[in-house]
Amino acid sequence: MGIKILQESKSQKQKAEAYVLFAKAADMGNLKAMEKMADALLFGNFGLQNITAAIQLYEFLAKEGSHKAQNALGFLSSYGIGMEYDQAKALIYYTFGSAGGSMMSQMILGYRYLSGINVLQDCEIALSHYKKVADYTADKLEKNEGIPVEKVRLTERPENLSSNSEILDWDIYQYYKFLAERGDVQTQVSLGQLHLIGRKGLDQDYYKALYYFLKAAKAGSANAMAFIGKMYLEGNAAAPQNYATAFKYFSMAANKGNAIGLHGLGLLYFYGKGVPVNYAEALKYFQKAAEKGWPNAQFQLGFMYYSGSGVWKDYKTAFKYFYLASQSGQPLAIYYLAEMYATGTGVLRSCTTAVEKRLIFLKKRRCIQWHYSYGIELLYKDIHLARRLYDMAAQTSPDAHVPVFLALMKLETMHLLRDILFFNFTTRWKWMKLESTLGTYWDLLVIGLIVAMLIFLFKNRHR
């Protein structure tokens, strides 16, 4: 119940109510609830931060076989947060965590073996750990979507809807609603897509998505027809699964030469959804969609040649189509490329390339976003990678220059402090708890002092 409230909560009050339920369930001995409470105590959700209590709870959970607790203890040990800085113990915790099924522990062990952190550097062992995470993610992706296709892309977008802004301003949203009601087809399709997947601060709303798609389809939009077909193919509250209706709308879009519609028809024939399985027809439609540059169709062609579905197995052709699809970021195409490099199927085997592809795939599926945001292994162990990522962020959006500058200052300060405290005085000093000494926002204080010093030096230079 608490998890459901937390997932659906839109306010701090609702989230607080969820944690009250977690606390009650934890008192009754529910291990999942205890994990949630331990996380809340560790990260300070709603002012609950108590690292010592979190560690005690994690240690109890670890004895009960919780792989999440093993992973958390590994993280805390590797940084000396609330417990002794001990990389050997961290490695043990991560190993038990991975054995228990923690994908995060698998990721961390993969990185450690790839980089040689407290273990002998071994690409093959790293590849094995990354494979488990990639296989789990790919399997989940295919099951969740029913068919191995990437989530919908925004194919028709007005300029402001395609901006880098994460949240669409309410007044701008009202303006686009006005345009859509006035008959602007491009805006209708864009709003339909945003509501279909829940983007830019808009709630996922299948009814609104279908409403806008139907208006655009009535005006002749092939993309809208294709997305209506997709909605009926996958099924939801507004458009219950109906293969006949999906076939109808995909056909309408395909008759206009629309790549999404052609791809949709290919899927129906490939999986036998509402029509008999017909690999020849599927191949025909996938080829037409792939020629128009649709990456999901390119992936499907690669999969047909890779698995020998309706065609002779041809790994070189499969590689060609997987590669084409991967250039547009199709995640499953990247996954299969990694498999081919890992096993030497159709290409010269390369452990390094296989690891690289698997990491790209996992980044695409946001599997290591948590990895970066909490600095587990990467921030501390790979400062150069962190700098490159910040530089990429600054290049992507002009608005990011100032926050990236401040973030880099914090990163360099943290790196300097860790370098001094961990490497030069490990045997003499324990890790100083800066937050306890200077407060929660000590890093902003340090940045402010550095900025003030730079201003002072700059003024004296021009006297």
After noting the C-alpha distance and the side-chain angles of Y279 and V311, does the key distance pass the side chain to side chain contact (heavy atoms under 4.5 Å, CB included) rule? CA-CA 8 Å; Y279 290 129; V311 293; over 6 Å; no
When rounded to the nearest 0.5 angstrom, what is the spacing between CG in L210 and NZ in K208? 13.5 Å
Whether [X] and [Y] hold their rings parallel, tilted or perpendicular, with breakpoints at 30° and 60°:
X: H263; Y: F286; value: tilted
X: Y336; Y: Y306; value: perpendicular
X: Y232; Y: Y249; value: parallel

Evaluate side chain to side chain contact (heavy atoms under 4.5 Å, CB included) for L91 paired with L109, printing each intermediate quantity in order. CA-CA 8 Å; L91 184 63; L109 287 175; 3.6 Å; yes
How about [X] and [Y]: are their ring centres within less than 6.0 Å of each other?
X: F75; Y: Y79; answer: yes
X: Y321; Y: F299; answer: no
X: Y305; Y: Y315; answer: no

Minimum heavy-atom separation for A90 and G74, please, with both atom names. CB-O, 3.3 Å
Does K284 pair with E281 as a salt bridge, N-O distance under 4.0 Å? yes
Do Q121 and R112 have side-chain atoms, one donor and one acceptor, less than 3.5 Å apart?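 Per modelled atom types, Q121 and R112 side chains form no pair under 3.5 Å.
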Could you go step by step and tell me if E339 and K131 meet the salt bridge (Lys or Arg N to Asp or Glu O under 4.0 Å) rule? CA-CA 9 Å; E339 285 295 296; K131 175 177 170 56; 3.4 Å; yes
Test log, rule salt bridge (Lys or Arg N to Asp or Glu O under 4.0 Å), inputs K63 and E59: CA-CA 6 Å; K63 290 177 182 177; E59 287 176 340; over 6 Å; no
